[in-house]
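Position 1 is the first residue of the sequence, and the numbers go up from there. Order of appearance sets the numbers: ligands from 1, and atoms from 1 within every ligand.
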Amino acid sequence: MDKESKILSRGAKCIRCKKQAEVPLPSHHANFCFSCFEFFFRNQVSRGLKKMGVNPHAPLMIAVSGGKDSLALWKVLEDLGYRTRGIHLDLGLGKFSRSSLEAIEGFARDRGLKWSSYSLQQEFGYTLTEIDSILKSKTCALCGRIKRGLLNRLTIREGYRILVTGHHLDDEAGRLLGNLVGNRQEYVRTQTPFLPSPHPRVPARLKPLYRVDVSEIRAYNRITGIRPVQDGCPLSKGATSHYFKAAMDLLEKKMPGTKRNFLFSYLRKNKRNTSDDTFGSCLSCAEPAYGSLCALCSLKNRIREKSGQAGRLLPTG
Ligand code: AMP
Ligand code: ZN
């Protein structure tokens with residue numbers, strides 16, 4: 001018997017089919033049996049995609065880390081009938097990266113799914129371990145920025161127009177709280193589970209799991225037999241995002257439904273279906289950029305400077 005079943009009393013009924021309930025969902029004031037829970041989970045994702053206006057025939061590139069979120073995302077999108085392909089960025093984090101690759105390999109092989117893997121070392125010139133040892137701070141935030149920039153480029157290179165990530169309700173509610181607490185209005189204003197393509201060479205980005213939380217993803221994986229990588233990222237320990245998620249967890253525990261209400265009420269009031277980003281081209285690598293250098297070239301400069309390496313990337317214009 002798993003953790004969820006233990007806290008459901010014998011005789012608790014599935015809200016949908018009235019058989020024995022196995023999965024409690026306090027935030028929905030509901031309990032489900034396994035198969036109705038799977039239906040509920042799929043339905044949450046398809047509702048989210050409908051709200052985003054995603055064409056059901058559009059091919060989707062799935063950013064897969066090998067963790068519980070992206071593998072659940074890949075399965076549910078396949079089950080909903082989307083045409084998908086996985087993309088993985090090997091960050092060069094030793095055992096963690098090797099186990100992540102193995103988890104993806106096993107998942108994709110069992111289901112006959114197609115995917116590509118790229119190495120950060122090859123695409124960017126440094127592994128994340130090297131970046132961490134040179135810059136020594138804010139590695140999580142930098143990693144997020146690198147993944148965003150590189151996965152955007154690789155998606156377009158592979159001929160796809162939509163990149164999908166496994167960010168979920170806890171990620172989005174925690175992020176919103178963090179940005180409000182830090183009064184980062186520009187990020188608050190642009191937070192959305194659907195970011196349309198702002199430039200022909202930048203894909204649209206979707207977060208179809210924004211309506212489900214971590215415990216729902218864990219239950220989905222257990223029920224459907226998904227085996228994600230078990231280790232956590234060795235560099236994520238001091239990330240501030242953990243504190244905001246923990247704060248949301250505390251509120252959720254005392255007042256079930258808080259996370260959903262917090263995020264959804266914000267999203268309802270801040271409907272954003274166009275992008276106001278203005279792009280030019282990076283003067284060093286010619287990829288789309290806000291300023292004279294793209295985020296990746298600027299970061300490379302910081303790394304070179306800090307490590308005393310010659311060859312700063314300068315705008316050529
Ligand atoms: P994280 O920022 O690690 O919480 O990851 C959020 C989402 O980004 C995941 O659910 C994946 O969709 C994507 N992602 C994270 N790491 C990778 C990676 N190494 N390669 C491809 N996608 C990734
Ligand atoms: Zn550049």
Side-chain angles (χ1 to χ4, degrees), residues 60-77 84-93 96-101 103-104 107-108 115-121 123-125 127-128 139-155 158 162-172 174-175 193 201-203 205-210 212 214 217 221 226 228-229 231-237 239 241-242 244-245 279-302 312-317:
L60 305 177
M61 184 63 100
I62 323 275
V64 235
S65 63
K68 61 184 186 334
D69 312 323
S70 49
L71 293 187
L73 172 68
W74 202 355
K75 168 153 175 60
V76 76
L77 291 176
T84 69
R85 182 180 181 93
I87 190 164
H88 176 68
L89 193 59
D90 178 349
L91 302 168
L93 287 171
F96 172 68
S97 291
R98 285 193 297 277
S99 315
S100 304
L101 271 168
I104 303 169
F107 178 89
W115 64 294
S116 327
S117 176
Y118 292 89
S119 133
L120 183 60
Q121 161 81 59
E123 297 296 327
F124 186 66
T127 64
L128 200 61
T139 307
C140 269
L142 291 180
C143 174
R145 207 187 304 166
I146 296 171
K147 282 189 294 203
R148 204 163 34 248
L150 270 180
L151 289 172
N152 276 354
R153 279 179 203 187
L154 295 167
T155 298
E158 292 227 14
I162 303 178
L163 177 63
V164 180
T165 62
H167 293 97
H168 46 66
L169 177 59
D170 298 71
D171 289 326
E172 294 304 287
R175 185 168 152 211
R201 279 191 290 140
V202 179
R205 294 185 65 117
L206 306 182
K207 299 170 183 170
L209 296 184
Y210 79 97
V212 292
V214 167
I217 293 172
N221 285 352
I226 293 175
V229 62
D231 330 349
C233 171
L235 299 180
S236 80
K237 296 209 170 68
S241 58
H242 294 327
F244 292 109
K245 284 186 196 169
F279 276 93
S281 293
C282 172
L283 293 172
S284 176
C285 73
E287 289 286 343
Y290 297 114
S292 53
L293 286 181
C294 70
L296 295 176
C297 288
S298 313
L299 181 58
K300 260 188 214 167
N301 270 347
R302 259 177 74 193
R312 197 177 150 75
L313 301 168
L314 288 172
T316 49

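The protein heavy atom nearest to atom 21 (C) of ligand 1 is Val64 O, 3.3 Å. With respect to atom 3 (O) of ligand 1, the closest heavy atom belonging to the protein is Lys147 NZ, 3.5 Å. Looking only at protein heavy atoms, the nearest one to atom 9 (C) of ligand 1 is Gly166 N, 3.9 Å. Of all protein heavy atoms, the one closest to atom 11 (C) of ligand 1 is Ala63 O, 3.2 Å. What sits closest to atom 20 (N) of ligand 1 on the protein, heavy atoms only, is Leu89 N, 2.9 Å. The protein heavy-atom contact nearest to atom 7 (C) of ligand 1 is His167 CE1, 3.8 Å. Ser65 CB, 3.8 Å is the protein heavy atom nearest to atom 23 (C) of ligand 1.
For the side chain to side chain donor-acceptor pair (under 3.5 Å) test, no residue two or more places apart in sequence or in another chain qualifies with Lys68. With sequence neighbours excluded, the residues satisfying side chain to side chain donor-acceptor pair (under 3.5 Å) with Thr139 are Asp132. Legend: residues meeting side chain to side chain donor-acceptor pair (under 3.5 Å) with Asp171, ordered by chain and number and at least two apart, are His168, Lys245.
When each of Leu163, Leu151, Leu60 is checked for a side-chain contact (heavy atoms from CB on, under 4.5 Å) with Pro203, only Leu163 meets the rule. Partner of Phe124 under the side-chain contact (heavy atoms from CB on, under 4.5 Å) criterion, chosen from Leu91, Leu89, Leu150: Leu150.
The structure places CZ of Arg153 at 13.5 Å from OH of Tyr118, a figure rounded to the nearest 0.5 Å.
Protein atoms that are N, O or S and lie under 2.8 Å from the Zn ion (ligand 2) are these: Cys282 SG, Cys285 SG, Cys294 SG, Cys297 SG.
Atoms of ligand 1 found under 4.0 Å from any heavy atom of Thr165 (numbered from 1 in listed order, with element): 12 (O).
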Pair His242-Ser236, side-chain contact (heavy atoms from CB on, under 4.5 Å): steps then yes or no: CA-CA 9 Å; His242 294 327; Ser236 80; 3.9 Å; yes
Verdict with reasoning, Asn152 to Arg205, per side-chain contact (heavy atoms from CB on, under 4.5 Å): CA-CA 9 Å; Asn152 276 354; Arg205 294 185 65 117; 2.8 Å; yes
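Looking at Ser241 and Arg175, their side chains never bring a donor and an acceptor atom within 3.5 Å of each other.
With a 4.5 Å cut-off on side-chain heavy atoms, Thr127 and Leu93 do not count as touching.
When heavy-atom distances to ligand 1 are checked against a 4.0 Å cut-off, Ile87 comes that close only through its backbone atoms N, CA, C and O.
Checked by atom type and distance alone, the side chain of Ser99 never pairs as donor or acceptor with a backbone atom of Val229 at under 3.5 Å.
Taking a 4.0 Å cut-off on heavy atoms, Leu151 registers as neighbouring ligand 1.
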